[in-house]
Structures are given as C-alpha cells and as structure tokens.
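Some notes on the structure that comes next.
Sequence positions, counted from 1, serve as the residue numbers for this chain. Here the structure is a predicted model, which means the values were calculated and not measured.
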Amino acid sequence: MNIAVLGLGAMGSRMAHRLLATGEHHLTVWNRSPEATKPLVEAGATPAATPALAAADRDLVVSMLRDDDAGRDVWLSPDDGALAAMAPGGIAVDCSTVTPGFSNELATRGARHGVTWLDAPVVGSRPQAEAGALIFLVGGDPASLCRVTPVLRQLGAAVHHMGSTGSGARMKLVVNALFAVQVAAVAELVGALDGTDLDPARAVDVLTATPVTGPASAGAATAMLGRTFPAAFPIELVAKDLAYATTDAALRDADLPLTSTTADVYQRAVDRGHGADNITGVVQLFRGADTV
C-alpha cells in the first residue's frame, strides 16, 4: 500500500520502521521536527514537508500524535491539514490516545471528503512497537478495518474491533485509567514503607509473588525501588489521559470517584516537577519529604 505516517515520536517512528522493514509498502513520513524523518528516509521512506503533502493520494494515513490539540492541527489545519488532502476512498487510522469526541468529529469531517476514519489507539509501549506486538483497539467501519488489518497485523499482535467510531478511543482510556489507578495504589503503598521495619525490596519481592499482583502492577512495583524513572509512559501523558477519561464520563453523567482521585494524584506529580518521569515515578509523591 501507499502509506503515510504522521508523527514520528517514540511510538510513531518505531511503527514506521516496522512498516519499512516489511518491504511491502511505499512509505511517506512527516514530523513537526523534520530531523526526526532522517533515519526513516535513510531506510527508504519519502519525507513530506507538510501533513497535507504526506497524505495526498495515500491509500492509508496513520497518525500517532500527542493529544486532541495536536491531532486537530495535523488533520484539520486550513493551510496544510492531512484530512482534506486525502483522496476519496482513503482510510485514516489514528493510533493516538484521544477523546471519543475528537474521533467522532474527525470521522464526520472525513466522510465529507469520502475518507473513512478509524480510531485505533494501541496498548503497548516502545518495546512492543519495536517487536510488532502492539494491541490495536479499533472503532469504526468493519469493512474498512478489514482492508487495513493486514497492515495493522504487521505492527501488532492483536486487532480488536470495539464497535462504532469513538469506541476504540474510549476503550483505550479505560485501559490507561485502570493501569494508572493500579500504579498509583502501588506507589502509595510502596512509598509508605519508608521509615518502617519492612525492607522495601523484600516487601516488593513478596508482594509480586502473591496472586493479588498482576504482571503490570508487579513490574511497576519493582521499578519503584529505583530512584530514576526514564519515561516510557510519562506522567504528564498519564494526567492527560485521566483528564480525558473523567471528562468523557462526565458527559454521560457517569461517576468515576477512584479515577478522579487518581487524576488528582498524577496532576500533583506534574505540579511537583515529575511530569517527564515514567508513570512509576509517581512514587516520589509518597516518599519522605515529598509526602503531604
């Protein structure tokens, strides 16, 4: 296929490299900072100066962007937005973590141009992107999904159709919110071990061996024993996703007391200067002088 990838951050760049490695596609790439395209161009991709130039006449346009605002700028900019540049019959696949409302808005606008929009956020981080082991959560037209599933399976281990437009985006917020709540609970308890007669490393070793600790929580607990937290899922993005989840729920008058409290915890971590740390760095709120 003729494919464009918009957004070459930690995830988008790895996904683009996977597509190039198949040798099956002609790949065009765009990034706000053009230097990010260089490794992919050296590997055989074609650079584009704007999202519109990248998307023009592509069969499939894949985006991996930071949030609703970035997505709206890249897709809908009146000067060089990608959506209006796509040819009728094209498929747009947004792998970003965004709100369901954003996905519905883009699907409506895409339909005016004869373009099908699929919200297809992914579960997984950099190692899974490199290994082609991402999990896609997809909302939108089933027939269009069937057309692009072979490509998505080159990037991921599983493709789950969740339902109509916006359902993939909403499912991703559910996944991220659950993970964030678990990590915050572990952080609170691990941090509270400071000043007790329990050795934190020994306590975590035993905790992770019990049935109450799943793989994600166990990995997070172990990472919290360190003092540095290189980001795979930065706290500032966790806070963004939780804000999206609580806002989406509020639109339906759904009550999310645990998620809302957890959102406050991560926002406090951002306010304390920990926004660039990995999600497990939230433990710093509960250690010694940081505890309030």
Side-chain angles (χ1 to χ4, degrees), residues 6-7 9-12 32 63-76 94-108 117 119-126 135-139 162-163 165-188 191 216-217 220 224 229 231-286 290 292:
L6 309 177
M11 295 294 288
R32 194 177 304 279
S63 62
M64 178 59 89
L65 304 164
R66 181 181 178 89
D67 53 25
D68 285 16
D69 290 340
R72 191 167 282 108
D73 183 52
V74 168
W75 284 103
L76 300 179
D94 184 27
C95 299
S96 319
T97 302
V98 295
T99 61
F102 172 83
S103 296
N104 283 310
E105 175 189 353
L106 269 290
T108 298
W117 179 272
D119 46 290
V122 298
V123 179
S125 190
R126 299 173 193 184
I135 299 171
F136 286 87
L137 309 172
V138 187
M162 303 308 303
T165 302
S167 61
R170 182 167 286 119
M171 187 67 208
K172 178 62 187 299
L173 295 180
V174 170
V175 170
N176 281 12
L178 178 58
F179 182 44
V181 169
Q182 291 173 329
V183 171
V186 171
E188 180 181 81
S217 296
M224 289 174 192
F229 304 94
F233 186 12
I235 286 173
E236 61 189 0
L237 293 187
V238 180
K240 179 266 292 184
D241 293 349
L242 290 171
Y244 283 174
T246 55
T247 299
D248 180 60
L251 294 173
R252 306 186 307 279
D253 294 324
D255 188 22
L256 300 182
L258 289 178
T259 304
S260 296
T261 298
T262 304
D264 292 340
V265 170
Y266 285 98
Q267 186 56 53
R268 180 153 55 96
V270 172
D271 295 341
R272 295 280 187 90
H274 304 308
D277 289 338
N278 193 47
I279 183 172
T280 49
V282 73
V283 72
Q284 295 167 101
L285 290 183
F286 304 105
D290 268 338
V292 296

Close side-chain approach of [X] to [Y], heavy-atom, < 4.5 Å:
{"X": "Glu236", "Y": "Arg66", "result": "yes"}
{"X": "Tyr266", "Y": "Asp241", "result": "no"}
{"X": "Thr246", "Y": "Thr259", "result": "yes"}
{"X": "Phe102", "Y": "Tyr244", "result": "no"}
{"X": "Leu173", "Y": "Pro100", "result": "yes"}
{"X": "Val122", "Y": "Met64", "result": "yes"}
{"X": "Met224", "Y": "Val183", "result": "yes"}
{"X": "Thr97", "Y": "Asn176", "result": "yes"}

### Task
Give a yes-or-no answer on whether the side chains of Thr165 and Asn104 include a donor-acceptor pair shorter than 3.5 Å.
no
Gap between atom [atom2] of [Y] and atom [atom1] of [X] - 0.5 Å precision:
{"X": "Asp277", "Y": "Ile279", "atom1": "CG", "atom2": "CD1", "value": "12.0 Å"}
{"X": "Asp119", "Y": "Thr99", "atom1": "CG", "atom2": "OG1", "value": "10.0 Å"}
{"X": "Leu65", "Y": "Met11", "atom1": "CG", "atom2": "CE", "value": "12.5 Å"}
{"X": "Thr247", "Y": "Leu251", "atom1": "OG1", "atom2": "CG", "value": "7.0 Å"}
{"X": "Glu188", "Y": "Leu285", "atom1": "CD", "atom2": "CG", "value": "10.5 Å"}
{"X": "Phe136", "Y": "Met162", "atom1": "CZ", "atom2": "CE", "value": "14.5 Å"}

Show the nearest heavy-atom pair for residues [X] and [Y], with the distance to one decimal.
{"X": "Gln182", "Y": "Ser217", "value": "CB-OG, 3.7 Å"}
{"X": "Leu242", "Y": "Ala177", "value": "CD2-CA, 3.7 Å"}
{"X": "Gly191", "Y": "Val283", "value": "N-CG2, 4.1 Å"}
{"X": "Gly168", "Y": "Pro121", "value": "O-CG, 3.3 Å"}
{"X": "Ala231", "Y": "Ala276", "value": "CB-O, 3.2 Å"}
{"X": "Ala269", "Y": "Val282", "value": "CB-CG2, 4.3 Å"}

### Task
Check whether any side-chain N or O of Asn278 sits under 3.5 Å from a backbone N or O of Gly281 as a donor-acceptor pair, and report yes or no.
no
### Task
With side chain to side chain contact (heavy atoms under 4.5 Å, CB included) as the test, would you mind laying out the steps for Asp69 and Asp73 before giving the verdict?
CA-CA 6 Å; Asp69 290 340; Asp73 183 52; over 6 Å; no
### Task
Evaluate the criterion side chain to side chain contact (heavy atoms under 4.5 Å, CB included) for residue pair Glu105 and Thr108; output intermediate values, then yes/no.
CA-CA 5 Å; Glu105 175 189 353; Thr108 298; 5.9 Å; no
### Task
Measure the acute angle between the ring planes of Phe179 and Phe233, then classify it against the limits of 30° and 60° as parallel, tilted or perpendicular.
parallel
### Task
Run the numbers on Gln284 and Phe229 for side chain to side chain contact (heavy atoms under 4.5 Å, CB included), then give the verdict.
CA-CA 10 Å; Gln284 295 167 101; Phe229 304 94; 3.6 Å; yes
### Query
Under a 4.0 Å N-O cut-off, is there an ion pair linking Arg268 with Asp264?
no
